[in-house]
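Numbered from 1 within each chain, the chains take letters A, B, ... in sequence-line order.
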Amino acid sequence: MQYNHQEIEKKWQEYWANNQTFKASNTSDKPKYYVLDMFPYPSGAGLHVGHPLGYIASDIYARYKRHKGFNVLHPQGYDSFGLPAEQYAIQTGQHPAKTTEENIKTYRRQLDQIGFSFDWSREVRTSNPEYYKWTQWIFIQLFNSWYNKDSDKAEDISSLISILENEGNINVNAVCDEDIISFSSDDWNSFSSTKQQEILLQYRLTFLSDTEVNWCPALGTVLANDEIVNGVSERGGHPVVRKKMTQWSMRISAYAQRLLDGLNTIDWPQPLKDSQTNWIGRSQGASIKFKVQSSELESNVIASETKQSLSKEEITSSQTPRNDEYEIEVFTTRPDTIFGVSFMTLAPEHELVSKITTDAQKAEVETYIQATAKRSERDRMADVKTISGAFTGAYAIHPFSGEKVQIWIGDYVLASYGTGAVMAVPCGDQRDYDFAKHFDIPIPNIFDNVDISEAAHADKEGTVIANSDFLSGLKYKKALKLAIYEIEKRGFGYGKTNYRLRDAVFSRQRYWGEPFPVYYKDGMPQMIGAKHLPIVLPEVEKYLPTEDGKPPLGNAEVWAWDSKQSTVVSNQLIDNKTVFPLELNTMPGWAGSSWYFNRYMDANNANEFASQEALDYWKEVDLYIGGSEHATGHLLYARFWQKFLFDKDVVPVDEFAKKLINQGMILGTSALAYKANIYMKTGCSLGNHTDDILSKIPPVFVSKGMFNSDNDFETLVKNYLFDNKILCIGDVESLVVGKMPLHADVSFVNSSDELDIEAFKNWRAEFKDAQFILEDDKYIVGREVEKMSKRWFNVVNPDDICEEYGADALRLFEMFLGPLEQSKPWKTSGISGVYSFLKKLWKLFYNGEEISISDVEPTKEEYKVLHKTIKKVEEDIENFSFNTSVSTFMIAVNELTAQKCNKREILEPLLILLSPYAPHITEELWNKLGNKESISTAPFPIFEAKHLVESVKNYPISFNGKMRFTIELPLDLSKEEIEKIVLEHEKTQAQLQGRTPKKVIVVPGKIVNIVG
RNA sequence: GCUCAAGUGGCGGAAUUGGUAGACGCGCUGGAUUCAAAAUCCAGUUUCUUCGGAAGUGUGGGUUCGAUUCCCACCUUGAGUACCA
């Protein structure tokens, strides 16, 4: 009987589905193991062979753990809200729910076809109201929480309210908005309800605020920082501009330190941890306040007084603050260099700029501000070299020396980082240095024995501070400590840790996302009671923003909240007394994916987020496999929500994934056909004759091996046109021929890079009459490794592979390509290797039509093959080195074939070893051997070292470290005996050519090295 | 610029604590089988070679009896980040 993958694979996929073979139980005596794949977005294009790489690896691991006696949870679902479905809806008018459903069907069919051991009874979809009900619920929990720095965790907002009622906010140590006012308990109690709500919003973990957001006009929505790549939107590549909008934000900054600390407790790849560490961007230093000098303002006042003849009273009553009431707060990591400050720079957007600028400088400053506002973020980024700025005319007072320091504005200072102002130390910071040089500002040197005539000196180690009053003569570390001590003692600052991590914008002006469970009363957001969830996404006519610029939900006609009936009602009923408008924004893509791993533990629970028992049993993901592109998005937000839910005692652990592995990308191997790009030489225009000549020339392609240079190519094509009587010699002379590589569909190319010319000609109308300059009667294409993408025609569909070679071959081949974490190119031709391996395996069992298996005791050699395979495969799986175990299987099958082994004692364990990789063929053979249960329930074979014990060793004999020959020797020889035998050996004598060895190294069981 | 990862045959890659570099597979070459093709099987396949051997893991240096593996410098490629004070 022949190996028929199509029949076998279909049969067992049905068997697993019908018998719910991989359904995980929430109660078990076995130890638990939770294997998770990163949430797929079901795109319209379906899967290509790159997508399942990580799924195959995790499936192998999950199946392996089942063999090892674990209760394995291996679920799958869909991150089914998202931009592409909505863009498609805008273009075609089809409801995103409908297209999403169709896409999911395709995904499911493709996934099933590859034979994954998913527990589909736990499938979740983020766009399902039964799921997003709980996303909304988490949002409400965040709204009802604040971050108490004293307890270092999130607490219920009620605990904050009781503090405010009893003692005001003077002693509240919370993560909150920067611009919060101080008030007493009496103040609080006298505030209106609206005022109180406004203040509470400044503390809540999700809050409304006017923030500068990344607005993408083309998509009509805001984007998070991680959704922008190189200044344009990640999806679609549209420009992004800064814009102020009222948005929901998440106070992720409250968790900055814990997100950083948590990295030490989880087994994640170092590069991923590094990029989260960079993204959080902790820096330690000091916050220092510089007073602004008052004299300038007084002269202004006098000037305006004389001009406009204002009375003294009028000036006072106008309440213009005096400049000496202004302070500029800066953050610096180098308080030790404070005596090197020779100017200050504010971001052009800094709120003090308009207040302190002198009349004389006003025009220049305003021009500069306008110029920078016009430049997009991208321009500013691209243009790092140009130094620009303007002097405000105002001065600050150096807190230690009392000297006057010029205050400048410059766009190298970012409004969004730190305080939007820097104390410039040109001798120690290159940007300050460049700025000072450009504007001729003095550059005092405060470093001992350091030359700063060419560049700033930014090194810390070994640097000694000079010309710095009490800091002079101190090394960096000591100076830093003393500077902070003095700053704190004298009361103009304090030691501070700063984070780059910004609060995350959580509103999207889109339709296809989770609606907020929020309505507005007197302009203040109100949460809808948890028992009324889900608030279901309303129907709309159009998925575009409304004409007056509101988000798409502004088109909904039934989108108001009746607070009496606790139900969503028609907008026409809005009276702002009992019926209120609902929030029009929706949540971003990362909302649903920030907690889904918890939902899988109890996916169908209608009453709870997940039951306490399920959460306590499964706890966290033991192995999470996915791409590194989620490093600063999903993986950071999910850790944030998990920590929050942990604080609220909803989940039992504060890191959701113990171990994480990044799978590399599978790249495509594009096929290039070299087309002749033909045009007339300049000056050779022959009027109508030009068109005449060019129209005679068909598309000409040259095989890759026919040319080495562009010159070859040109000559070849010209000769071809002449030899084939397409053009006469004169016309050929007037041509210029260039080489233009065109992407051909990879399906037209065989394993020898030979192009199927007929298929290629029929592919495109313009190639119908194409002619080919061949080599050995073949057209050979060039190959290039590129990202797998439709535009390069190098996409390989797993459906085709499963059809032709089967899922088992696909799974083996994806693993065989190389290490899981690395990116590597796909070349379909290579799959024949694993396919013939499967056929060889089959032949070990089938010799003719009937299965032939022997119950005779295996030989020593057969046991040796089995046990070295068990050892290697087990080690490989534990190390996630799946590529090497595929080789090991090949070696085992090759050796057993050579030994003509058909012993049950050997082949049954071999099937179990292989079954995680190739589940279908192993189920079939296992079944044919007479086993009634699925092979997935069989225990993993146990390695016995006794089968690998050797009595002889083929010793490599090296001379000066170079292996020259080998000698077979018994392993029980002593060092001396080995040395004696080796030195007497004739080949040793030949190598030494009469020289006496200086030294002989003998490592018994390993090697002999002769030096001399 | 900074941070990280990686450079091994024609190609994907292997060599787990420093100990026989190139396992396994693709491709290629030759052969068997076949009317022929596919499939299958056998042999060979790093380079150079005077067929004895010799060189060889991005480049240069170092440690070691011995380095793809450890250390230093550099080059190249890829990824992340981007005026972060």
How many Å lie between NZ on A/Lys824 and P on B/U77, as a whole number? 23 Å
Polar side chain donor-acceptor pair, A/Trp279 to A/Thr277, under 3.5 angstrom: no
Counting the atoms with a prime plus P, OP1 and OP2 as sugar-phosphate, which does A/Glu875 contact under 4.0 Å by heavy atoms, base, sugar-phosphate, or nothing? base
Chi-angle category of B/G53 [syn within 90° of 0, anti beyond]: anti
Donor-acceptor side-chain pairing of A/Ser253 and A/Tyr499 below 3.5 angstrom: no
Side chain of A/Asn894 only, please: which of B/G25, B/A85, B/U20 is the nearest? B/G25
What I want to check is whether an N or O donor and acceptor connect the side chain of A/Lys872 with the base of B/U16 at under 3.5 Å. yes
Which one, B/G27, B/A14, B/U17, comes nearest to the side chain of A/Ser832? B/G27
Base-pairing assignment for B/A79 (Watson-Crick or G-U wobble, both under 3.5 Å): B/U3
If you check every side-chain atom of A/Ser275, which of B/G80, B/C83, B/U20 has the closest atom? B/G80
When you get a sec, tell me which of B/U16, B/A14, B/C65 is the closest nucleotide to the side chain of A/Asn1009? B/C65
Closest to the A/Asp274 side chain, choosing from B/G25, B/C4, B/A23: B/C4
Are the side chain of A/Arg502 and the backbone N or O of A/Arg500 linked by a donor-acceptor pair below 3.5 Å? yes
Proximity to the side chain of A/Leu414 - top-ranked nucleotide from B/A85, B/G19, B/C24: B/A85
Measure the distance from CD on A/Gln822 to P on B/A5 and round it to the nearest whole Å. 13 Å
Does B/G31 sit syn or anti, given that only angles within 90° of 0 count as syn? anti
Between B/C65, B/U3, B/C24, which nucleotide has the shortest distance from any of its atoms to the side chain of A/Ile891? B/C24
